[in-house]
Amino acid sequence: VKVKIPFGNKYLDAIFSVPEKQPTYGVILTHGAGGDMNFPHLVSLAAYLASRGVLCLRFTCKGLNIAYRTKAFKTVVEYLKLSDDYKLLGVFLAGRSMGSRAAASVIRQLSQDDDDDFIQGLVCLSYPLHRPKLQSKLRDEDLLFIRCPVLFVSGSADEMCEKQLLEDVASKMKAPKTIHWIDKANHGMAVKGRTTDDVMEEINAQVFSWLRDNTELQHK
(Lines give C-alpha, C1' and ligand atoms only; values in the text may rest on other atoms or scores of the structure.)
Protein backbone atom coordinates (compact mmCIF):
# COMPACT_ATOMS: atom_id res chain seq x y z
CA VAL A 1 0.00 0.00 0.00
CA LYS A 2 1.61 3.25 -1.14
CA VAL A 3 1.12 6.34 1.00
CA LYS A 4 2.37 9.91 1.09
CA ILE A 5 3.21 11.17 4.56
CA PRO A 6 2.98 14.94 5.10
CA PHE A 7 6.36 16.38 6.13
CA GLY A 8 6.53 20.15 6.41
CA ASN A 9 5.38 21.47 3.05
CA LYS A 10 6.42 18.25 1.31
CA TYR A 11 5.51 14.59 1.39
CA LEU A 12 7.54 11.50 2.16
CA ASP A 13 6.93 8.52 -0.12
CA ALA A 14 6.26 5.38 1.86
CA ILE A 15 5.01 1.84 1.37
CA PHE A 16 3.20 -0.42 3.82
CA SER A 17 3.86 -4.16 3.59
CA VAL A 18 0.76 -5.50 5.26
CA PRO A 19 0.42 -8.99 6.78
CA GLU A 20 -2.70 -11.08 6.08
CA LYS A 21 -3.76 -11.06 9.72
CA GLN A 22 -4.25 -7.92 11.77
CA PRO A 23 -0.72 -7.04 12.94
CA THR A 24 0.05 -6.07 16.53
CA TYR A 25 3.59 -4.87 15.92
CA GLY A 26 5.26 -2.92 13.16
CA VAL A 27 8.69 -1.99 11.88
CA ILE A 28 9.52 1.39 10.34
CA LEU A 29 12.40 1.01 7.93
CA THR A 30 14.53 3.47 6.00
CA HIS A 31 17.56 3.48 3.71
CA GLY A 32 21.15 4.69 3.91
CA ALA A 33 22.79 7.81 2.51
CA GLY A 34 22.31 6.63 -1.07
CA GLY A 35 19.32 4.86 -2.56
CA ASP A 36 15.72 4.94 -1.38
CA MET A 37 13.06 2.71 0.16
CA ASN A 38 13.24 0.36 -2.84
CA PHE A 39 16.80 -0.65 -1.97
CA PRO A 40 16.68 -4.45 -2.46
CA HIS A 41 17.66 -5.30 1.13
CA LEU A 42 14.78 -3.23 2.51
CA VAL A 43 12.26 -4.68 0.07
CA SER A 44 13.40 -8.18 0.98
CA LEU A 45 13.20 -7.57 4.73
CA ALA A 46 9.78 -5.88 4.50
CA ALA A 47 8.32 -8.81 2.54
CA TYR A 48 9.86 -11.32 4.94
CA LEU A 49 8.44 -9.58 8.02
CA ALA A 50 4.99 -9.05 6.52
CA SER A 51 4.77 -12.73 5.58
CA ARG A 52 5.35 -13.49 9.27
CA GLY A 53 2.76 -11.14 10.68
CA VAL A 54 4.76 -7.94 11.21
CA LEU A 55 3.58 -4.73 9.55
CA CYS A 56 6.42 -2.96 7.78
CA LEU A 57 6.39 0.69 6.75
CA ARG A 58 9.37 1.78 4.71
CA PHE A 59 9.96 5.30 3.54
CA THR A 60 12.25 7.41 1.40
CA CYS A 61 13.94 10.53 2.73
CA LYS A 62 16.65 12.00 0.56
CA GLY A 63 19.12 14.29 2.19
CA LEU A 64 22.49 13.74 3.82
CA ASN A 65 21.84 15.92 6.84
CA ILE A 66 21.35 13.64 9.84
CA ALA A 67 19.14 16.17 11.67
CA TYR A 68 16.83 16.39 8.64
CA ARG A 69 16.69 12.61 8.31
CA THR A 70 15.91 12.29 12.02
CA LYS A 71 13.09 14.81 11.74
CA ALA A 72 11.60 12.88 8.82
CA PHE A 73 11.82 9.60 10.74
CA LYS A 74 10.07 11.19 13.72
CA THR A 75 7.27 12.37 11.44
CA VAL A 76 6.77 8.82 10.15
CA VAL A 77 6.65 7.45 13.71
CA GLU A 78 3.92 9.96 14.62
CA TYR A 79 2.03 9.16 11.43
CA LEU A 80 1.95 5.44 12.20
CA LYS A 81 1.11 6.03 15.84
CA LEU A 82 -1.95 8.08 14.90
CA SER A 83 -3.00 5.81 12.03
CA ASP A 84 -6.61 4.64 12.10
CA ASP A 85 -5.88 1.77 9.74
CA TYR A 86 -3.33 0.03 11.93
CA LYS A 87 -3.70 -0.10 15.68
CA LEU A 88 -0.33 -1.33 16.89
CA LEU A 89 0.90 -2.17 20.37
CA GLY A 90 4.33 -0.93 19.40
CA VAL A 91 6.90 -0.39 16.68
CA PHE A 92 10.57 -1.04 16.11
CA LEU A 93 12.65 1.54 14.30
CA ALA A 94 15.05 0.13 11.74
CA GLY A 95 17.43 1.56 9.23
CA ARG A 96 20.33 0.73 7.01
CA SER A 97 23.58 2.64 7.49
CA MET A 98 22.70 6.36 7.83
CA GLY A 99 19.06 5.34 8.28
CA SER A 100 20.01 3.46 11.44
CA ARG A 101 21.77 6.55 12.78
CA ALA A 102 18.59 8.54 12.20
CA ALA A 103 16.55 5.82 13.94
CA ALA A 104 18.89 5.87 16.96
CA SER A 105 18.66 9.66 17.11
CA VAL A 106 14.83 9.55 17.06
CA ILE A 107 14.73 7.04 19.90
CA ARG A 108 17.07 9.15 21.99
CA GLN A 109 14.96 12.27 21.39
CA LEU A 110 11.63 10.60 22.04
CA SER A 111 12.87 8.92 25.20
CA GLN A 112 13.81 12.35 26.53
CA ASP A 113 10.41 13.79 25.59
CA ASP A 114 8.19 11.30 27.36
CA ASP A 115 7.98 7.82 28.80
CA ASP A 116 5.98 6.48 25.91
CA ASP A 117 6.53 2.79 25.29
CA PHE A 118 5.25 2.82 21.70
CA ILE A 119 8.83 2.35 20.48
CA GLN A 120 9.92 -1.14 21.40
CA GLY A 121 13.42 -1.31 20.02
CA LEU A 122 16.00 -0.44 17.38
CA VAL A 123 17.37 -2.48 14.48
CA CYS A 124 20.67 -1.23 13.01
CA LEU A 125 21.69 -2.76 9.68
CA SER A 126 25.30 -1.82 8.84
CA TYR A 127 25.44 0.90 11.51
CA PRO A 128 28.08 3.41 10.30
CA LEU A 129 30.05 3.72 13.52
CA HIS A 130 32.82 5.73 11.85
CA ARG A 131 33.88 6.96 8.44
CA PRO A 132 36.19 4.65 6.49
CA LYS A 133 39.69 4.84 8.01
CA LEU A 134 38.51 7.37 10.62
CA GLN A 135 38.17 5.10 13.61
CA SER A 136 39.06 7.86 16.05
CA LYS A 137 35.73 9.66 15.59
CA LEU A 138 32.93 7.38 16.69
CA ARG A 139 29.25 8.08 16.06
CA ASP A 140 28.13 6.45 19.26
CA GLU A 141 26.57 9.35 21.18
CA ASP A 142 22.93 8.32 20.59
CA LEU A 143 23.59 4.64 21.22
CA LEU A 144 24.87 5.27 24.73
CA PHE A 145 21.62 6.99 25.75
CA ILE A 146 19.19 4.40 24.41
CA ARG A 147 17.41 2.13 26.88
CA CYS A 148 15.25 -0.05 24.63
CA PRO A 149 16.58 -3.32 23.10
CA VAL A 150 18.94 -2.89 20.15
CA LEU A 151 19.94 -5.33 17.41
CA PHE A 152 23.02 -4.69 15.30
CA VAL A 153 23.48 -6.67 12.10
CA SER A 154 26.90 -5.83 10.71
CA GLY A 155 29.46 -7.31 8.37
CA SER A 156 32.65 -8.46 10.06
CA ALA A 157 34.57 -6.71 7.25
CA ASP A 158 32.51 -3.49 7.29
CA GLU A 159 34.86 -0.62 6.52
CA MET A 160 32.57 1.76 8.47
CA CYS A 161 32.15 -0.37 11.56
CA GLU A 162 35.24 -2.08 12.85
CA LYS A 163 34.26 -5.18 14.77
CA GLN A 164 36.19 -4.50 17.97
CA LEU A 165 35.01 -0.89 18.10
CA LEU A 166 31.33 -1.86 17.88
CA GLU A 167 31.82 -4.50 20.56
CA ASP A 168 33.47 -1.88 22.80
CA VAL A 169 30.57 0.57 22.27
CA ALA A 170 28.03 -2.20 22.89
CA SER A 171 29.72 -3.06 26.18
CA LYS A 172 29.18 0.55 27.34
CA MET A 173 25.53 0.67 26.28
CA LYS A 174 22.85 0.54 28.95
CA ALA A 175 20.32 -1.02 26.58
CA PRO A 176 19.91 -4.78 26.12
CA LYS A 177 21.79 -5.38 22.88
CA THR A 178 22.56 -8.15 20.44
CA ILE A 179 25.18 -8.09 17.68
CA HIS A 180 24.88 -10.48 14.77
CA TRP A 181 27.99 -10.52 12.59
CA ILE A 182 27.64 -11.48 8.94
CA ASP A 183 30.94 -13.21 8.33
CA LYS A 184 33.24 -11.42 5.84
CA ALA A 185 30.48 -9.01 4.73
CA ASN A 186 31.37 -5.42 3.82
CA HIS A 187 29.29 -2.29 4.51
CA GLY A 188 26.96 -3.17 1.63
CA MET A 189 26.54 -6.71 3.06
CA ALA A 190 28.29 -8.26 0.07
CA VAL A 191 30.18 -11.48 0.82
CA LYS A 192 32.50 -13.14 -1.69
CA GLY A 193 31.16 -16.55 -2.62
CA ARG A 194 27.61 -15.93 -1.33
CA THR A 195 24.60 -14.70 -3.25
CA THR A 196 22.74 -11.59 -2.13
CA ASP A 197 19.63 -13.72 -1.54
CA ASP A 198 21.57 -16.06 0.70
CA VAL A 199 22.95 -13.19 2.80
CA MET A 200 19.50 -11.54 2.97
CA GLU A 201 17.93 -14.77 4.15
CA GLU A 202 20.38 -14.81 7.07
CA ILE A 203 19.74 -11.14 7.90
CA ASN A 204 15.95 -11.40 7.59
CA ALA A 205 15.73 -14.51 9.75
CA GLN A 206 17.96 -12.89 12.35
CA VAL A 207 15.88 -9.71 12.49
CA PHE A 208 12.61 -11.62 12.74
CA SER A 209 13.75 -13.98 15.49
CA TRP A 210 15.07 -11.01 17.49
CA LEU A 211 11.76 -9.15 17.03
CA ARG A 212 9.91 -12.24 18.17
CA ASP A 213 12.11 -12.53 21.24
CA ASN A 214 11.40 -8.91 22.11
CA THR A 215 7.63 -8.90 21.64
CA GLU A 216 4.65 -11.05 22.35
CA LEU A 217 4.69 -12.41 18.78
CA GLN A 218 3.63 -16.00 19.03
CA HIS A 219 5.60 -18.58 17.12
CA LYS A 220 3.92 -18.94 13.77
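Residue indices begin at 1 and follow the sequence shown.
Note: Leu80 CG to Asp85 CG = 10.0 Å, rounded to the nearest 0.5 Å. The distance from the CG atom of Asp183 to the CD atom of Glu202 is 8.5 Å, given to the nearest 0.5 Å. Note: Leu42 CG to Leu29 CG = 4.5 Å, rounded to the nearest 0.5 Å. Considering OG of Ser83 and CG of Leu57, their distance stands at 9.0 Å, rounded to 0.5 Å. Taken from SG in Cys61 to NZ in Lys71, the straight-line distance is 10.5 Å, to the nearest 0.5 Å. In this structure, SG in Cys161 is found 9.5 Å from CD in Glu167, a value given to the nearest 0.5 Å.
Looking only at side-chain heavy atoms (C-beta outward), Asn38 and Arg58 come within less than 4.5 Å of each other. Proximity of Pro40 to Thr196: side-chain heavy atoms (C-beta onward) are nowhere separated by under 4.5 Å. Within the 4.5 Å cutoff, the side chain of Ser51 has no heavy atoms near those of the Leu49 side chain. Between Ile203 and Leu45, the closest side-chain pair of non-hydrogen atoms is not below 4.5 Å. Residues Val169 and Leu138 form a side-chain contact, since some pair of their non-hydrogen atoms from C-beta on lies under 4.5 Å apart. At a threshold of 4.5 Å between non-hydrogen side-chain atoms, the residues Thr70 and Ile66 count as touching. Residues Asp13 and Lys2 form no side-chain contact, since every pair of their non-hydrogen atoms from C-beta on lies 4.5 Å or further apart. Between Leu144 and Lys174 there is no side-chain heavy-atom pair separated by less than 4.5 Å.
Summarising the geometry of Val1 relative to Val18, their closest heavy-atom pair is CG2-CG2, 4.1 Å, with the distance given to 0.1 Å. The minimum heavy-atom distance between Leu88 and Phe118, with the atom names listed, is O-CE1, 3.9 Å. Shortest non-hydrogen contact noted between Met189 and Val153 is CE-O, 3.3 Å. When all heavy atoms of Leu110 and Val77 are compared, the pair lying nearest together is CD1-CG1, 4.3 Å. Nearest approach of Arg96 to His41, heavy atoms of both residues: NE-ND1, 4.3 Å. Closest non-hydrogen pair, Ser156 versus Lys163, comes out as CB-CD, 4.3 Å.
Arg69 places no side-chain N or O within 3.5 Å of a backbone atom of Met98 that could act as its donor or acceptor partner. Between the side chain of Lys177 and the main chain of Val150, no donor-acceptor pair closer than 3.5 Å is present. The main-chain N or O of Pro128 is never found under 3.5 Å from a side-chain atom of Arg101 such that the two would form a donor-acceptor pair. No donor-acceptor pair under 3.5 Å is formed between the side chain of Asp140 and the backbone N or O of Leu143. Checking side-chain atoms of Thr215 against main-chain N and O of Leu211 turns up a donor-acceptor pair under 3.5 Å. Not one N or O on the side chain of Lys21 forms a donor-acceptor pair closer than 3.5 Å with the backbone of Arg52.
The hydrophobic clustering, which links ILVMFWY residues whose side-chain heavy atoms are closer than 4.5 Å, places Val207 and Ile15 apart. In the hydrophobic cluster analysis, where Ile, Leu, Val, Met, Phe, Trp and Tyr join through side-chain heavy atoms closer than 4.5 angstrom, Met37 is grouped apart from Leu125. Under the 4.5 Å side-chain heavy-atom criterion for ILVMFWY residues, no single connected hydrophobic cluster contains both Val27 and Val43.
Applying the ring-ring contact (aromatic ring centres under 6.0 Å, His included) definition to pairs two or more places apart or across chains, none involves residues 151-192. Here ring-ring contact (aromatic ring centres under 6.0 Å, His included) pairs that include residues 71-95, with residues two or more places apart or in two chains, are Phe16-Tyr86, Phe59-Phe73, Phe92-Trp210. For residues 118-137, the pairs satisfying side-chain hydrogen bond (donor to acceptor under 3.5 Å, both in side chains) are Gln135-Glu162, with sequence neighbours left out.
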Start with the C-alpha distance between Thr178 and Asp213, add both sets of side-chain angles, then the distance that settles side chain to side chain contact (heavy atoms under 4.5 Å, CB included), and finish with yes or no.
CA-CA 11 Å; Thr178 306; Asp213 292 344; over 6 Å; no
Given the rule in the side chain to side chain contact (heavy atoms under 4.5 Å, CB included) test, do Ile5 and Tyr11 qualify, once you have shown the distances and angles that lead to the verdict?
CA-CA 5 Å; Ile5 298 174; Tyr11 286 90; 6.0 Å; no
Determine, stepwise, if the pair Ile182 / Ser154 fulfils side chain to side chain contact (heavy atoms under 4.5 Å, CB included).
CA-CA 6 Å; Ile182 304 288; Ser154 281; over 6 Å; no
Trace of the side chain to side chain contact (heavy atoms under 4.5 Å, CB included) decision for Met160 with Arg139
CA-CA 10 Å; Met160 296 178 73; Arg139 299 158 168 165; 3.9 Å; yes
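Around CD of Glu141, the count of heavy atoms belonging to other residues, nucleotides or ligands within 6.0 Å exceeds 12.
A salt bridge does not link Asp197 with Arg194: none of the charged nitrogens is closer than 4.0 Å to a carboxylate oxygen.
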